Amino acid sequence: MINEIKSYEFEEIERRCQERWRAEGTFEVSEDPTRPKFYCLEMLPYPSGDIHVGHVRNYCITDVVTRFKRMRGFNVLHPIGWDALGLPAENAAIKHGTHPEGWTRSNIASMKAQLQRLGFSYAWSREIATCDASYYRWNQWFFLKMLERGIAYRANSPVNWCPSCLTVLANEQAEGGLCWRCRSVIEIRDMEQWFLRITDYQDALLDDMEELSAWPERVLQQQRNWVGRSEGAEVSFPTEDGGTIRIFTTRIDTIYGATFCLLAPEHPLVDQLMNGAPKESALTLARLRGQDRRARLAGQVEKEGLFTGRYAKNPFSGERIPIWVGNFVLMGYGTGAIMAVPAHDERDFEFARKYGLRVHPVIQSPEGALDGATMTEAYTGPGVVTGSAEFDGLASEIAVEKMSAHASAHGFGGVKTAYRLKDWLISRQRYWGTPIPVVYCDKDGVVGVREADLPVILPPDAPFTGEGGNPLEKVETFVRATCPKCGGPARRETDTMDTFVDSSWYFYRYCSPTTEDAPFDKAAVRYWFPIDLYVGGIEHAILHLVYSRFWTKVMRDLGLIDWSEPAARLFPQGMVHKDGEVMSKSKGNTIAPDDVIKRYGADTLRLYILFAAPPELSMEWSETGIEGPHRFLLRVWRVVHKRAGTASRGRDFASLSENGAALRRRVHQTIARVTADIDERIHLNTAVAALMELTNDIYRLEEGLTGDSDEAALGEALDTLVLLLSPFAPHACEQMWSDLGHPKSLVDEAWPEADQAAMREDANEVAVQVNGRIRGRVMVPALADEAAHKALALAEPGVKAQVEGKTLVKAIIVPGRLVNLVVK
RNA sequence: GCCAGAGUGGCGAAAUUGGCAGACGCAGCGGACUUAAAAUCCGCAGACCCGGAAGGGUCGUAAGGGUUCGAUUCCCUUCUCUGGCACCA
């Protein structure tokens, strides 16, 4: 007789579960030294207004891991917060005549409701918003500490300016010359700005990667490129008028081939060298300096230069070489000056040919000797050094060492390392950010605000007119300040901090979000750190993920913590595409999670998003694909409810039928698979697939079950299925768990353990190959030895036919899997 | 140009350490149930060839080559795509 099956009313089930988790504070945690801890983190979202599918994908991954680890006995911290300061809020305020804070707060409220509808396991009591003064005051506190130590400094330098966002940007945020936020072409302007000395940590950022073995190689590689360490040498070329040109080179082995020197147009020596040069040269120089520096940086401008009229001496050869200015030499890298070796550098070669300068080869290519007059391209590979006095005959690598040592011994140079990384420009000429806590005093200059006077609060009454300029400048009560040193009148800094400052340390704040006398409680942080799993978008590989590694190192040097890296494991999830394109607001191809939840429920959405592709690859959103996981959930629901209320069926498996034994095998094999998939590889798609297979097996086997032991096996199967599925579809599983007759909430149940004995097969189907081609399959008892495998294989009729009349040369046997018979 | 990653059925994908390629799902086809449809349940399903069928054979993981008894997996060459960096000396 068939029971009436309760229908799956996901809306009601999900609402009830979520209410219960909230009311009972199910996912709230505190430090508990008696249990292993697990810190599971996702990158905090910017409150743009709506949760999109990309967020959902990110948070589904962490939610599964959180619930899984919790059931495995870990004390799991899974917090969430809001990266709440930033330009979009300010732009929205200008557009709608409101205040950025109101816009931000209402976005947070609606996004929070959306997250709750998805049933994520957050410790909501630890929620933070970076726009709270109780949070950003610690940005200011950190800034003051860095100011004291010279890590924060103010300097005039060429900086990236976004003409649309009306603010400067850090190097990391000028992606390929475009603003990371609005894609406008950035300009380079000379401005006095605040920087953080991230370059003090450039070696640490590279060397500490040794600790990041659980970070993906592609992220580390990107960061390595970004830091751009390159080992070379610095050499001083004396000029004829008693000056010195310092050049950086990675190819000191080619120095005897240097036929001229090149300076960047902005190089400080240029004016002096050009003193008295003909007017026409001065005009050319002015033109080179006026060239768009961004385009020059990107190599989009034709190589051009001019002769200064002066000469320098090659300190190795003593040769007199002309000094030129070249527009492709960058002031921001190395020393802003190079020795030009046209024979062995493509750019120098191109320049030399254009201006008829000498090409003088000093490295023998494997094809033989080179002729400077006739060569058509530079030879840039390594080789044997020639025409270089006592260094002749050395291989490039050896010559580099010897020549560097020579320069060092004679006091005109030595080994030197150059970096691509620039200091982090953190000032922003906008309102909705953390005020930089300094004042300008006519008497004392730049003075940090007293720690006791923090926070410097954003004045709520700033005018958002959209006329350009920082609204803070127009708030007189804010700008007018008192100098902490002399007590005299001072002007307050109106620049605010890059919002990447906020996100550089927020994960420490989660450990003690209400601590008032420090950025965080040291003991709490010591308990929870490091972050065990950090999941977020790959687009932060060199932004947030460099900044936060830097910040942790600074905190270590401030004595706040005693480790150097914040996250033990990083897992960048793939992006969500629709119709082959990245899903984004600007493309108008976004999917609203709310609509999907309404139609299928949160559990189906979660299952679908995790099943569709492995989490680290991009996934293609498909409207029809979601039907599969939904049908799966319904299938589980039906098979569970056929047996509702039968939780206490015992665990006596003494007299299992064949089907019963098969079912138990499948159950325990599935436990092993799902556990490994979540715990080790985070391959959640195959974990879901394994659960689908188990469900199919239950359907297939349940009809043939008889007797108490079989009933017990079925009970075990259903319980296990629900437990294993629960991190993916927590609401439906909570309901099914209760309907099966379990009184306790499922989130506190222990994760099932695979029983090795129960999962072992009695016999395995073994593939039999003859000369590497499959010719048959045989059933072989589980513990059969190699001889038995061979005998069974040879007895198989299809195999027999292939082997007959031939000599068996060799038999390769992989027990339980395969036999390969090699015959001649 | 340099660096990293990827390329598997109509589609999303799987294959844990070199050992049965295509699990699981979508779309499709067939059957059962139904007055009928939907839903559900049970099947079929890489391509090509032979065969009435049962079955058998050949090819097949971007392309070509190599190592191996055996290669989606390791090595070499080439192509394509994605991401990052790029006149960085």
Side-chain angles (χ1 to χ4, degrees), chain A residues 5 175-176 216-226 228-230 232 247-251 254 262 264 296-303 326-330 332-341 344-348 350-351 380 418-420 538-539 541-542 574-575 607-608 611-614 616-629 631-632 634-635 638 672-673 676-677 680-681 683 685-696 699-700 703 765-774 776-777 798 809-814 816-823:
Chain A
I5 291 177
E175 297 171 345
E217 179 54 30
R218 62 181 162 148
V219 171
L220 298 181
Q221 195 57 46
Q222 276 186 48
Q223 293 200 0
R224 264 183 227 118
N225 286 345
W226 189 255
R229 177 157 73 187
S230 95
I247 63 99
F248 174 76
T249 178
T250 54
R251 289 299 302 273
T254 65
L262 271 169
R296 258 178 61 202
L297 273 165
Q300 292 160 354
V301 174
E302 202 198 322
K303 284 183 189 46
N327 64 345
F328 66 97
V329 181
L330 309 172
Y333 183 77
T335 59
I338 61 171
M339 63 173 190
V341 185
H344 305 297
D345 182 282
E346 283 168 32
R347 295 152 301 176
D348 298 349
E350 188 187 333
F351 192 88
T380 58
Y419 298 83
R420 228 189 60 91
I538 186 73
E539 67 274 17
I542 44 165
M575 291 194 278
L607 270 174
Y608 167 62
F611 176 66
E616 72 273 21
L617 297 185
S618 64
M619 72 165 276
E620 172 73 24
W621 181 272
S622 137
E623 279 305 314
T624 50
I626 199 166
E627 291 287 347
R631 283 201 278 253
F632 162 59
L634 287 165
R635 251 165 97 76
R638 274 191 298 269
R673 274 178 71 187
D677 280 349
E680 291 155 28
R681 304 190 303 160
H683 273 203
N685 54 329
T686 52
V688 175
L691 292 167
M692 288 173 167
E693 284 182 62
L694 178 60
T695 305
N696 293 345
Y699 270 84
R700 198 162 42 80
E703 289 304 321
E765 192 188 60
V766 171
V768 184
Q769 299 180 331
V770 176
N771 290 342
R773 307 186 71 96
I774 303 274
R777 293 168 216 286
V809 181
K810 199 170 163 190
I812 290 106
I813 290 147
V814 184
R817 305 203 66 146
L818 167 136
V819 173
N820 187 10
L821 303 167
V822 185
V823 298

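Lettering of chains follows the sequences in order, A, B, ..., and the numbering in each one begins at 1. As the structure is a prediction and not an experimental result, all values here were calculated from the model. All heavy atoms count here, side chains included; hydrogens, waters and symmetry mates do not.
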What contact category does [X] fall into here, base, sugar-phosphate, or nothing, at under 4.0 angstrom with non-hydrogen atoms?
| X | answer |
| --- | --- |
| A:V814 | base |
| A:E627 | nothing |
| A:Q769 | base |
| A:V329 | base |
| A:V301 | base |
| A:S622 | nothing |
| A:E302 | base |

When the [atom1] atoms of [M] and [N] are compared, how many Å lie between them, rounded to an integer?
| N | M | atom1 | answer |
| --- | --- | --- | --- |
| B:A15 | B:C74 | P | 14 Å |
| B:G25 | B:C76 | P | 39 Å |
| B:U67 | B:U77 | C1' | 15 Å |
| B:G22 | B:A62 | P | 16 Å |
| B:A45 | B:A37 | P | 25 Å |
| B:U8 | B:C59 | C1' | 15 Å |
| B:G70 | B:C20 | P | 15 Å |
| B:U16 | B:C41 | P | 30 Å |

Output the single nucleotide from [options] whose closest atom is nearest the side chain of [X].
| X | options | result |
| --- | --- | --- |
| A:M692 | B:G25, B:A4, B:A23 | B:G25 |
| A:R347 | B:G19, B:C3, B:C88 | B:C88 |
| A:R420 | B:A89, B:C88, B:G84 | B:C88 |
| A:L330 | B:C85, B:C88, B:G19 | B:C88 |
| A:T624 | B:C26, B:C69, B:G25 | B:C26 |
| A:Q222 | B:C69, B:C20, B:G84 | B:G84 |

Measure the shortest side-chain to side-chain distance between [X] and [Y] over non-hydrogen atoms and say whether it is less than 4.5 angstrom.
| X | Y | result |
| --- | --- | --- |
| A:Q769 | A:I812 | no |
| A:D348 | A:I338 | yes |
| A:H683 | A:N685 | yes |
| A:N771 | A:V822 | yes |
| A:F632 | A:Y608 | no |

Can you tell whether the side chains of A:E693 and A:R700 come within less than 4.0 Å, N to carboxylate O?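 Result for this pair is no, no salt bridge flagged.
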
Please give, in whole Å, the distance from [N] [atom2] to [X] [atom1]?
| X | N | atom1 | atom2 | answer |
| --- | --- | --- | --- | --- |
| A:R251 | B:C88 | CZ | C1' | 15 Å |
| A:L818 | B:C69 | CG | C1' | 10 Å |
| A:E346 | B:G1 | CD | C1' | 8 Å |
| A:L607 | B:C26 | CG | P | 13 Å |
| A:Y419 | B:A89 | OH | C1' | 17 Å |
| A:E217 | B:G83 | CD | C1' | 14 Å |
| A:L691 | B:G25 | CG | C1' | 13 Å |
| A:L821 | B:G19 | CG | P | 19 Å |

Which residues pass the ring-ring contact (aromatic ring centres under 6.0 Å, His included) test with A:F328, not counting sequence neighbours?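 ring-ring contact (aromatic ring centres under 6.0 Å, His included) check on A:F328 returns A:F351.
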
Taking ring-ring contact (aromatic ring centres under 6.0 Å, His included) as the definition, give me every residue that meets it alongside A:W226, ordered by chain and number, with sequence neighbours left out.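 Checked A:W226 against ring-ring contact (aromatic ring centres under 6.0 Å, His included); zero matches.
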
Is there any protein nitrogen or oxygen under 3.5 Å from a nitrogen or oxygen in nucleotides 57-60 of chain B, and what are the pairs?
residue	atom	partner	partner atom	Å
B:G57	OP1	A:R775	NH1	3.4
B:C59	OP2	A:R773	NH2	2.6

With no angle test and no hydrogens, is the base of B:C85 tied to the side chain of A:N225 by a donor-acceptor pair under 3.5 Å?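 No, the side chain and the base share no sub-3.5 Å donor-acceptor pair.
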
Sequence-distant partners of [X], salt bridge (charged side-chain N to carboxylate O under 4.0 Å, His left out), two or more places apart:
| X | value |
| --- | --- |
| A:R251 | A:D253 |
| A:R817 | none |
| A:E350 | A:K303 |
| A:E680 | none |

Please list each protein N or O that sits under 3.5 Å from an N or O in nucleotides 15-18 of chain B, with the distance.
residue	atom	partner	partner atom	Å
B:A15	OP1	A:R681	NH1	3.3
B:A15	OP1	A:R681	NH2	3.1

Take A:E217 and A:R224 through the test salt bridge (Lys or Arg N to Asp or Glu O under 4.0 Å) and record every step on the way to the result. CA-CA 10 Å; A:E217 179 54 30; A:R224 264 183 227 118; 3.1 Å; yes

Report the C-alpha distance between A:N225 and A:R420 in whole Å, list the side-chain angles of each, state the deciding distance to 0.1 Å, and finish with yes or no for side-chain hydrogen bond (donor to acceptor under 3.5 Å, both in side chains). CA-CA 8 Å; A:N225 286 345; A:R420 228 189 60 91; over 6 Å; no

Would you check if the side chain of A:Q223 reaches a backbone N or O of A:I542 as a donor-acceptor pair within less than 3.5 Å?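 Not confirmed, A:Q223 side chain does not pair with A:I542 backbone.
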
Taking for each residue the nucleotide of RNA chain B bearing the nearest heavy atom, is the 5' side occupied by A:I538 or by A:Y333?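 Its nearest nucleotide being more 5', the pick is A:I538.
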
Hey, which of these two, A:E350 or A:K810, hits RNA chain B nearer its 5' end, going by closest nucleotide?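 Closest to the 5' end, via its nearest nucleotide, is A:K810.
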
Applying the Watson-Crick and G-U criteria (both distances under 3.5 angstrom) with [ ] for crossing and | for other-strand pairs, one obtains for RNA chain B (((((((..(((......[....))).(((((.......))))).(((((....)))))..(((((..]....))))))))))))....

When every nucleotide of nucleotides 39-47 of chain B is labelled 5' to 3' by its protein contacts under 4.0 Å (heavy atoms), B for base, S for sugar-phosphate only, - for none, what sequence of letters results? -SSS-----

Under the rule for side chain to side chain donor-acceptor pair (under 3.5 Å), what residues qualify as partners of A:S622, not counting sequence neighbours?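 So A:S622 forms a side chain to side chain donor-acceptor pair (under 3.5 Å) with A:T624.
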
Closest heavy-atom pair and its distance - A:A767, A:I774: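 Scanning both residues completely, I find the closest heavy atoms to be CB-CD1, 3.8 Å.
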
Distances for protein N or O near nucleotides 7-13 of chain B N or O, under 3.5 Å:
residue	atom	partner	partner atom	Å
B:G12	O2'	A:A612	O	2.5

